[in-house]
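This report refers to the structure that appears directly beneath it.
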2 protein chains.
Amino acid sequence: MPASSFIGELRAQEAILPSWNDGPAKDAILGFVRAITDRASPSYAPPEDRIATFDQDGTLWVEHPVYTQAIFAIDRLRILAPQHPEWKSKQPFKAVIIGDRMAMAKFGEADWAAIVGATHAGVSIEQFLDIAEQWLKAARDPRWKRPYTDLVYQPMAEVLEYLRANGFQSYIVSGGGQEFIRAYAQRVYGVPPEQVIGSSIVTKYQLSGGKPVLMRLPKVFFIDDHGGKPVGINLFIGKRPLAAFGNSDGDREMLEWTGAGEGTRLKMLVHHDDAVREYAYGPAGGLPETRVGTFSPSLMAEAKDRGWTVISMKTDWKRIFTWE
Amino acid sequence: MPASSFIGELRAQEAILPSWNDGPAKDAILGFVRAITDRASPSYAPPEDRIATFDQDGTLWVEHPVYTQAIFAIDRLRILAPQHPEWKSKQPFKAVIIGDRMAMAKFGEADWAAIVGATHAGVSIEQFLDIAEQWLKAARDPRWKRPYTDLVYQPMAEVLEYLRANGFQSYIVSGGGQEFIRAYAQRVYGVPPEQVIGSSIVTKYQLSGGKPVLMRLPKVFFIDDHGGKPVGINLFIGKRPLAAFGNSDGDREMLEWTGAGEGTRLKMLVHHDDAVREYAYGPAGGLPETRVGTFSPSLMAEAKDRGWTVISMKTDWKRIFTWE
């Protein structure tokens, strides 16, 4: 059966990717899955090689105006502040405590590293998971007045589901903190802890009263962003993905690495061009510049050059969230 | 049905662990699997939590008199020596090139780090896997005159198989090099690349003539030994194992971490006490002392204290290798 009629047939099945409008993005996904799973296809891959990697912030859920984990860190810093009177006169802590948004907007890597060290370390992994889960239950996004874990893009949840139904393993490959994502990835995305790749701090094994614990230390271990994404993928999986999804400059190398493999590969970038239903930022496409989830003109040029598929939230997605 | 009659029934089924003699070690494995898989058991665990971790050298295959990967490194160093005339007068390279066994026996961590840097880095991950595979095809163990990949313990291969048949995922958790183990783990143990946890060097993403490569750099990234084993297990899996197998002091923390979980857990140590069929070394049990795979008296004391099961190669295993 020729590919075009096959895709036509799939389109007719409303159950597949129902929140996607017909168009090149949906066709790219359907055509890719067919190429990988059809035993007669030259790109057929056995289930054990069906690896798909997904960036998380901005690709699977909302990242604007601030990463969810940054809000968690800020909330946690304020909770811990009474135990650290010295923070009142010490940056970057002071800015967070007094709510100096101008200063916080200018935070660089060193500032965030200090905040992560103060808020994500000094506890065991079990304690940290518990702290993260409690926060996720209580916190609400100010725009939608909902838990942050509700801000998952329904069309992407359908892609996760569709790929898994076709034998794929769906990994999260995020610049965000691995353990923070593990606190909700199973429940929210159906992604188990062993398929969450992210940035991490050093953990140390120690006996505490005869009981072994893994303590989280205020020291960066691995940054899973830019070139770190293919490095992390090789470290954790040891296989090259067949499909990779991202939305910003930090995902460039993951898509390059995926695309450099043989046979059919799916490389997709979510473009936030829908200020009404979600957010619009760029600067690709003349949208407002942003430091959170930058999609630079050079990334757009590379996408065009290498034949990556750019997903327009505005035109490719029928709806954004499950509860809409 | 009471546990004892259940085990009696399993014993009767010769297909289960046929290379194990009846005894406490075999019973521990059978009783454990029953406790985890029987829905009526208080220790029942769903398949996604059935994680088993295996040390490799000395637990799944022979490690004496020298680790296989060390022999690989020595062979590779000699192959590369003509391109590095400066090595002739520089330790630790000189000792390897001239075959000074006395000097090599005294190599410390810094010496091995230099040798690993010289022999395991400077190539891409694909190149390294190819080099390792070629070596494994050609190299022979001097005692058994067989490829090193033939020196897998048949009883342990049966445990891997038996646990997987009962829904377990079987991870390798080795102090040895992760990528080196990946070169054969699927073929030899049925363990896929994403279930190989090991020590690693830094890899770096770079474009080489427009093509992305992951280059291996001569810099240690992670040491998966002692306390590094539970750290690696949490990093890669994010779940605590239900079963852990080791054979030396480097596995102590992995067994402690496993044993500290709730419910039934299997903690086993292979003891090399069979000089005729394999090797005998200790110094636990009054066997000769060794730096390769040390099983110290304090580890034996801890095993006894915490109720870990010590496997005697001599009495628990009917045969050692598949081809015997």
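Every value quoted in this text rests on a predicted model; they were computed, and no experiment measured them. In what follows, every heavy atom counts, from backbone to side chain, and hydrogens, waters and symmetry copies are set aside. Labels below follow one simple rule: chain letters A, B, ... track the order of the sequence lines, proteins then strands, and each chain is numbered from 1.
In the displayed structure, A/Glu161 atom CD is contacted under 6.0 Å by at most 12 heavy atoms of other residues, nucleotides or ligands.
Ring-plane geometry between A/Phe222 and B/Phe221 is classed as perpendicular, the angle between the planes exceeding 60 degrees on a 0 to 90 degree scale with a lower cut at 30. Aromatic ring orientation, A/Trp257 versus B/Tyr205: perpendicular (interplanar angle above 60°, classes split at 30° and 60°).
Most heavy-atom pairs under 4.5 Å with chain A, from the set B/Pro192, B/Pro212, B/Ala260: that is B/Pro212. Counting heavy-atom pairs closer than 4.5 Å to chain B, the top residue among A/Thr203, A/Val196, A/Ile237, A/Ile197 is A/Ile237. Counting heavy-atom pairs closer than 4.5 Å to chain A, the top-ranked of the candidates B/Gly227, B/Gly198, B/Pro230 is B/Pro230. Most heavy-atom pairs under 4.5 Å with chain B: of the set A/Lys229, A/Glu48, A/Glu179, this distinction falls to A/Glu179.
For A/Ser200, the part lying under 4.5 angstrom from a heavy atom of chain B is the side chain only. Residue contact with chain A, scored on non-hydrogen atoms closer than 4.5 Å, involves the backbone of B/Val213 exclusively. For chain B, the nearby part of A/Gln169 is the side chain; its heavy atoms alone come within less than 4.5 Å. For chain A, no part of B/Gln186 is nearby; none of its heavy atoms comes within less than 4.5 Å. Only the side chain of A/Arg240 comes within less than 4.5 Å of a heavy atom in chain B; its backbone stays farther off.
Counting all heavy atoms, side chain and backbone alike, B/Gly210 lies closest to A/Arg306 at O-NH2, 4.3 Å. Annotation for B/Pro193 and A/Gly238: closest pair CB-O, 3.9 Å, computed over non-hydrogen atoms.
With values rounded to the nearest 0.5 angstrom, B/Glu253 atom CD is found 11.0 Å from A/Leu214 atom CG. A/Glu194 CD to B/Ile51 CD1: the interatomic distance, rounded to the nearest 0.5 Å, is 5.5 Å.
Proximity of a side-chain donor or acceptor of B/Gln178 to a complementary backbone N or O of A/Leu235 within less than 3.5 Å is detected.
The pair B/Lys211-A/Glu256 fails the salt-bridge criterion, with no side-chain N (NZ, NE, NH1 or NH2) lying under 4.0 Å from an Asp/Glu carboxylate O.
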